[in-house]
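Right, one structure below, let's go through it.
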Amino acid sequence: MRRRVAALILAIGTAPCIAYEIETLDVLHDDGRYTVNFSVRLAAPPEKVRALSTDFEHLAQLSDLVAESRVLAVNGNVTRLKLVLRACVLFFCKSVRRVEDVVAEANGDISTRALPAQSDFRSATERWRIQMEGNGTRFVYHAELEPDFFIPPFIGPFIMRRVLERELRESAVRFERLAGLP
């Protein structure tokens, strides 16, 4: 009995501390177009979150969805980026490519616009807002995505939300770990 209690105390004492909070996660679908919004609070400071978010050659360290990220060109505050994203649901996996221009805005926001001719998206725009909140960061994301491949409309939003929720949890832990938090 003492060994079990000691093992339980040891397990509790060494369990990772969850310092993030997923505040919102919405996935909407309308006529082949997806709107994704989420807000996550992280214990990591905003300057570290922004630095990790703009380390374009190493985005795979933040998310398992990123199979490849490569900078193609830089022109001032605009970075042309090639992404290969890979998601799996049960035994079905899909890889998609997206070439996009990423803009580091003066206010610290980051916006992206896909180049449809070089992407598997008819259109894709994103805006990342990385704000200080207390001692940590609020990471707010908005995207409008129109894939150039078929996603069943009745299950697409459900699957996308499920995959994103899992990735948000894993990415939040990675952000905090890479920012030097326990």
Side-chain angles (χ1 to χ4, degrees), residues 22-40 46 49-90 92-131 137-172 174-175:
I22 299 174
E23 297 176 314
T24 61
L25 171 57
D26 297 309
V27 178
L28 304 172
H29 176 258
D30 183 31
D31 196 29
R33 186 178 202 86
Y34 291 85
T35 302
V36 178
N37 291 294
F38 65 76
S39 176
V40 179
V49 172
R50 189 172 287 105
L52 289 166
S53 298
T54 57
D55 184 5
F56 299 124
E57 295 283 346
H58 300 99
L59 293 177
Q61 71 184 346
L62 296 173
S63 173
D64 287 338
L65 290 178
V66 179
E68 177 187 347
S69 62
R70 186 165 30 108
V71 172
L72 301 176
V74 178
N75 185 5
N77 68 336
V78 179
T79 302
R80 179 146 304 160
L81 180 63
K82 176 187 178 187
L83 290 170
V84 176
L85 307 170
R86 183 168 175 80
C88 295
V89 177
L90 299 175
F92 179 74
C93 294
K94 174 80 175 162
S95 290
V96 295
R97 66 185 163 81
R98 193 165 77 202
V99 174
E100 61 189 12
D101 285 338
V102 182
V103 178
E105 314 235 352
N107 68 357
D109 288 1
I110 300 164
S111 62
T112 73
R113 181 169 306 279
L115 305 174
Q118 300 175 49
S119 302
D120 292 324
F121 291 84
R122 288 185 190 100
S123 68
T125 60
E126 300 172 298
R127 177 170 288 287
W128 312 339
R129 176 160 285 152
I130 300 167
Q131 306 168 306
T137 300
R138 173 174 276 147
F139 190 108
V140 179
Y141 175 88
H142 172 80
E144 293 189 17
L145 310 164
E146 187 176 359
D148 197 15
F149 52 90
F150 180 72
I151 300 175
F154 297 111
I155 63 170
F158 170 77
I159 290 172
M160 190 178 285
R161 186 182 198 298
R162 194 165 166 211
V163 167
L164 281 174
E165 186 172 5
R166 181 185 68 228
E167 282 302 311
L168 277 175
R169 292 183 193 292
E170 292 174 8
S171 293
R174 290 176 183 189
F175 264 109

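Both backbone and side-chain heavy atoms feed into the values below; hydrogens, waters and symmetry mates do not. Throughout, residue positions are numbered sequentially from 1 according to the sequence presented.
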*Any idea which heavy atoms bring Arg174 and Leu62 closest together, and the distance?*
CD-O, 3.6 Å
*What residues form a side chain to side chain contact (heavy atoms under 4.5 Å, CB included) with Arg113, not counting sequence neighbours?*
Thr125
*Could you tell me which non-hydrogen atom of Ala87 sits nearest to which non-hydrogen atom of Leu65, and how far apart they are?*
CB-CD2, 3.8 Å
*Is the closest side-chain heavy-atom distance between Val84 and Val96 below 4.5 Å?*
no
*Can you tell if the side chain of Val36 reaches within under 4.5 Å of the side chain of Met160, non-hydrogen atoms only?*
yes
_With His29 via ring-ring contact (aromatic ring centres under 6.0 Å, His included) - residues at least two apart_ = Tyr34
*Not counting sequence neighbours, which residues clear side chain to side chain donor-acceptor pair (under 3.5 Å) with Asp26? List them please.*
none
_Listing request: all side-chain hydrogen bond (donor to acceptor under 3.5 Å, both in side chains) pairs with a residue in residues 76-85, at least two apart in sequence or in separate chains._
Arg80-Asp101
*asked:* Filter on side-chain hydrogen bond (donor to acceptor under 3.5 Å, both in side chains), then keep only pairs touching residues 151-165, sequence neighbours left out; what's left?
replied: Arg161-Glu165, Glu165-Arg169
*Sequence neighbours left out, what passes salt bridge (charged side-chain N to carboxylate O under 4.0 Å, His left out) with Asp55? Give chain and number order.*
none
*Mind checking what makes ring-ring contact (aromatic ring centres under 6.0 Å, His included) contact with Phe56, not counting sequence neighbours?*
none
*Provide the closest heavy-atom pair for Gln61 versus His58 in the form atom of the first, atom of the second, distance.*
CG-O, 2.9 Å
*Of all the heavy-atom pairs spanning Arg98 and Ala114, show the shortest one and how long it is.*
CG-CB, 3.8 Å
*Of Leu83, Ile110, Val74, which is the lone residue that meets side-chain contact (heavy atoms from CB on, under 4.5 Å) with Val102?*
Ile110
*Looking only at non-hydrogen atoms, find the nearest pair between Leu81 and Val71 and report the distance.*
CD1-N, 4.0 Å
_How long is the straight-line distance from OG of Ser95 back to CG of Asp120, given to the nearest 0.5 Å?_
9.5 Å
*Would you give the length of the straight line joining atom CG of Leu164 to atom CZ of Phe38, rounded to the nearest 0.5 angstrom?*
7.0 Å
*Who passes side chain to side chain contact (heavy atoms under 4.5 Å, CB included) against Leu28, sequence neighbours left out?*
Thr35
*Could you check whether the rings of Phe139 and Phe175 sit parallel, tilted or perpendicular, using 30° and 60° as the cut-offs?*
tilted
*asked:* Arg129: which residues meet the side chain to side chain contact (heavy atoms under 4.5 Å, CB included) condition with it, sequence neighbours left out?
replied: Asn107, Asp109, Gln131, Val140
*Contact list for residues 140-154, test side-chain hydrogen bond (donor to acceptor under 3.5 Å, both in side chains), sequence neighbours left out*: Arg33-Glu146, Asn37-His142, Arg122-Asp148, Glu126-Tyr141, His142-Glu144
*asked:* I need the minimum non-hydrogen distance between Val40 and Ala172, along with the two atoms involved.
replied: CG1-CB, 4.5 Å
*Ser39: what forms a side chain to side chain donor-acceptor pair (under 3.5 Å) with it, not counting sequence neighbours?*
Glu23
*With sequence neighbours excluded, tell me which residues meet side chain to side chain contact (heavy atoms under 4.5 Å, CB included) with Ser111.*
Val103, Glu105, Arg127
